[in-house]
Q: 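The structure that follows is given in the form of structure tokens.
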Amino acid sequence: MCSIFCLTGKSVPLSEAEKAFYQTVSRGPDMSAFSETEEGFVGFHRLAIMGLNAAGMQPFFKGKNFLVCNGELFGFRKTKAELEARGYCFQSESDCEILLPLYELYGTEMFRMLDAEFACVLYDGVKKRYVAARDPIGIRPLYYGYLSGGEIAFASEPKNLVGIVKGKIYPFPPGHYYADGKFVCYRDMAKVLPRGKEDLDTVCKNIREKLVKGVEKRMDADAPLGFLLSGGLDSSLVCAIAQKRTSRPIRTFAVGMKKDAIDLKYAREVADYIGSDHSEIFMTRDEVLASLETVIKALATYDITTVRASMGMYLICKKIHENTDVRVLMTGEISDELFGYKYTDFAPSAQAFQQEAEKRVRELHMYDVLRADRCISVNSLEARVPFGDLEFAEYVMGIDPEMKRNRYGIGKYLLRRAFEGDYLPNRILYREKAAFSDAVGHSMVDDLKEYAGGIYGEDWQKIAEKYDYHAKPFTKEALLYREIFEKYYPGQAEMIAGFWMPNKEWEGCDVNDPSARVLSNYGGSGT
């Protein structure tokens, strides 16, 4: 991960702007650059992943233009060679350096051409305008707000903009670019492209081939690579695919409560089967509670599901950072949004299933993707998300939703069937879904609820009333998270659409807790 920062005006004093910029130095601890521009300020914290020497430091300059980008551009070497054949020269091995000549050739149309996870701000010195953009899923973070003089400000995280912008901080919409005061959608990942009918075998073959390709391209890194392995279907598949494509054991990491971890035994079984170099990391009740405020500050959210799931992820990333040389982590996020959750078993129709998937994909950047980014980047690591591969995600979104619904007795059947064979043990491949926040140990969520219950008394609902304007807390746990959030991001709750919850309009989903444990179909997920 890296951190980008750009103020397009100077209504903020230099010292305050620089202080705001350094709020996210953990995203890029290798090198930092902050400078005053003709109109404002620009800054970049670098975590070196591609092109490890100082030549890859940003901003990149070309003529009157400059660029800062937090991203990975897959297949960039081919594009770079094509640009060199046209006479362009490059100073580094960084993938992001190709963006300036691409912009010179194609302008904002270049964003449609990218196979990438990225967030960038570019200054066009000829037209004297700023251009900003974010990848179509929102895997890389970007936020914006307006200075007191009306000029726009961009940053990788909200913490860079608190106290700098006047009024609200907004998440930059995924799949959009900003230019000339307007946001333009260049790619909507939730919009299904029409295609002909495909049979089950064809669909599963395409799923397998496209996911394998998505993992392969994300293994390209000049820095050491590791894998988060929960023992669930998604992360296990990523690890199994990666291990088949390298002659050395990949490094896998699993986390769980010392008391009652569910996932650890399955993660160990997967690691033994694929032959990875596996590490287990244990966490305790005291570690969870001691880290809670740090995690919420890093996340910039109060969402119950996101906070719960972040506890284990934050602690495992912290220990990986402290005890290994791993700099890049492959994860299993985004599969649920594409193939379905436990609660989508209750979808009343194929159309309802598809509409829910579209909603979840459009909101990913506020929930699971946000969690993965912050938990990993705050520990100076980079996340890579194969299920977020654009070609793969677009294909899965276009599959007939009647095929994706659970008509087979188990969710995500297409994904499971696609990898039948020797990728994973059958009992892992067809293991029931268990949410990460539950599978690290049911006691963790219970501990958080108990802790909140000890802070607030019977009058907790009166306290919650002050947040009635948006996402009003509906439990003591939700109130605790909101109050910590407000401590660091006062008045900015609308950055998040609301609480991640099952679709309450569906029969069986009108529940008062986001955990799959409260659903009637949880079944063997917790064993």
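The structure displayed is predicted, hence computed values, not measured ones. Here, residue 1 is the first one in the sequence, and each next residue gets the next number.
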Q: Please list, chain by chain and in numerical order, all residues satisfying salt bridge (charged side-chain N to carboxylate O under 4.0 Å, His left out) with K466, sequence neighbours excluded.
A: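 Once residues adjacent in sequence are excluded, the partners of K466 under the salt bridge (charged side-chain N to carboxylate O under 4.0 Å, His left out) criterion are E483.
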Q: Could you work out, with salt bridge (charged side-chain N to carboxylate O under 4.0 Å, His left out) as the rule, every residue matching E507, not counting sequence neighbours?
A: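 Salt bridge (charged side-chain N to carboxylate O under 4.0 Å, His left out) list for E507, sorted by chain: empty.
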Q: Who passes side-chain hydrogen bond (donor to acceptor under 3.5 Å, both in side chains) against D345, sequence neighbours left out?
A: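 Counting only residues at least two positions away or on another chain, D345 forms a side-chain hydrogen bond (donor to acceptor under 3.5 Å, both in side chains) with N406, N521.
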Q: Between R46 and D30, is the closest basic N to carboxylate O distance under 4.0 Å?
A: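 No, no charged N to carboxylate O under 4.0 Å.
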Q: Could you work out, with side-chain hydrogen bond (donor to acceptor under 3.5 Å, both in side chains) as the rule, every residue matching Y123, not counting sequence neighbours?
A: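 If we apply the side-chain hydrogen bond (donor to acceptor under 3.5 Å, both in side chains) test to Y123, skipping adjacent residues, the hits are E39.
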Q: Holding to side-chain hydrogen bond (donor to acceptor under 3.5 Å, both in side chains), I want the full list of residues that pass it with Y430, two or more places apart in sequence or in another chain.
A: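 For Y430 the side-chain hydrogen bond (donor to acceptor under 3.5 Å, both in side chains) partners, ignoring immediate neighbours, are E420.
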Q: Distance under 6.0 Å and angle within 45° of the ring axis: does R112 meet both against Y186?
A: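 Not flagged: R112 not positioned over aromatic ring of Y186.
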Q: Closest heavy-atom contact between R416 and L233?
A: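 In terms of heavy atoms, the two residues are closest at CG-CD2, 3.7 Å.
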Q: Hey, could you give me each pair passing salt bridge (charged side-chain N to carboxylate O under 4.0 Å, His left out) that has a residue in residues 448-460? Not counting sequence neighbours.
A: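 Salt bridge (charged side-chain N to carboxylate O under 4.0 Å, His left out) check on residues 448-460 returns K449-D513.
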Q: Run the salt bridge (charged side-chain N to carboxylate O under 4.0 Å, His left out) test against K476 and tell me which residues pass, sequence neighbours left out.
A: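 By the salt bridge (charged side-chain N to carboxylate O under 4.0 Å, His left out) rule, K476 matches no residue at all.
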Q: Got a sec, which residues hit side-chain hydrogen bond (donor to acceptor under 3.5 Å, both in side chains) with E117, two or more places apart in sequence or on another chain?
A: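 Expected list: R218.
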Q: May I have the list of side-chain donor-acceptor pairs in residues 161-176 shorter than 3.5 Å, sequence neighbours left out?
A:
{"unit_1": "K168", "atom_1": "NZ", "unit_2": "G491", "atom_2": "O", "d": "2.9"}
{"unit_1": "K168", "atom_1": "NZ", "unit_2": "E494", "atom_2": "OE1", "d": "3.1"}
{"unit_1": "H176", "atom_1": "ND1", "unit_2": "P174", "atom_2": "O", "d": "2.9"}

Q: Who passes salt bridge (charged side-chain N to carboxylate O under 4.0 Å, His left out) against D468, sequence neighbours left out?
A: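 D468: no salt bridge (charged side-chain N to carboxylate O under 4.0 Å, His left out) contacts found.
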Q: Tabulate below the donor-acceptor pairs under 3.5 Å that side-chain atoms of residues 135-152 make, not counting sequence neighbours, or state none.
A:
{"unit_1": "D135", "atom_1": "OD1", "unit_2": "I137", "atom_2": "N", "d": "3.1"}
{"unit_1": "D135", "atom_1": "OD1", "unit_2": "G138", "atom_2": "N", "d": "2.6"}
{"unit_1": "D135", "atom_1": "OD1", "unit_2": "I139", "atom_2": "N", "d": "3.0"}
{"unit_1": "D135", "atom_1": "OD2", "unit_2": "F118", "atom_2": "N", "d": "3.1"}
{"unit_1": "D135", "atom_1": "OD2", "unit_2": "I139", "atom_2": "N", "d": "3.2"}
{"unit_1": "D135", "atom_1": "OD2", "unit_2": "R140", "atom_2": "N", "d": "3.0"}
{"unit_1": "R140", "atom_1": "NH1", "unit_2": "N70", "atom_2": "OD1", "d": "2.8"}
{"unit_1": "Y143", "atom_1": "OH", "unit_2": "R374", "atom_2": "NH2", "d": "2.8"}
{"unit_1": "S148", "atom_1": "OG", "unit_2": "S11", "atom_2": "OG", "d": "3.4"}

Q: Ignoring hydrogens and angles, write down the donor-acceptor pairs under 3.5 Å from the side chains of residues 293-301, residues two or more places apart or on other chains.
A:
{"unit_1": "E293", "atom_1": "OE2", "unit_2": "K487", "atom_2": "NZ", "d": "2.6"}
{"unit_1": "E293", "atom_1": "OE2", "unit_2": "Y488", "atom_2": "OH", "d": "2.6"}
{"unit_1": "T301", "atom_1": "OG1", "unit_2": "D303", "atom_2": "N", "d": "3.2"}

Q: State plainly whether the residues D400 and R405 are in salt-bridge range, i.e. N to O under 4.0 Å.
A: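 Salt bridge absent between D400 and R405.
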Q: Any ion pair linking D373 and R27 (charged N to carboxylate O, less than 4.0 Å)?
A: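 Answer for the salt bridge query: yes.
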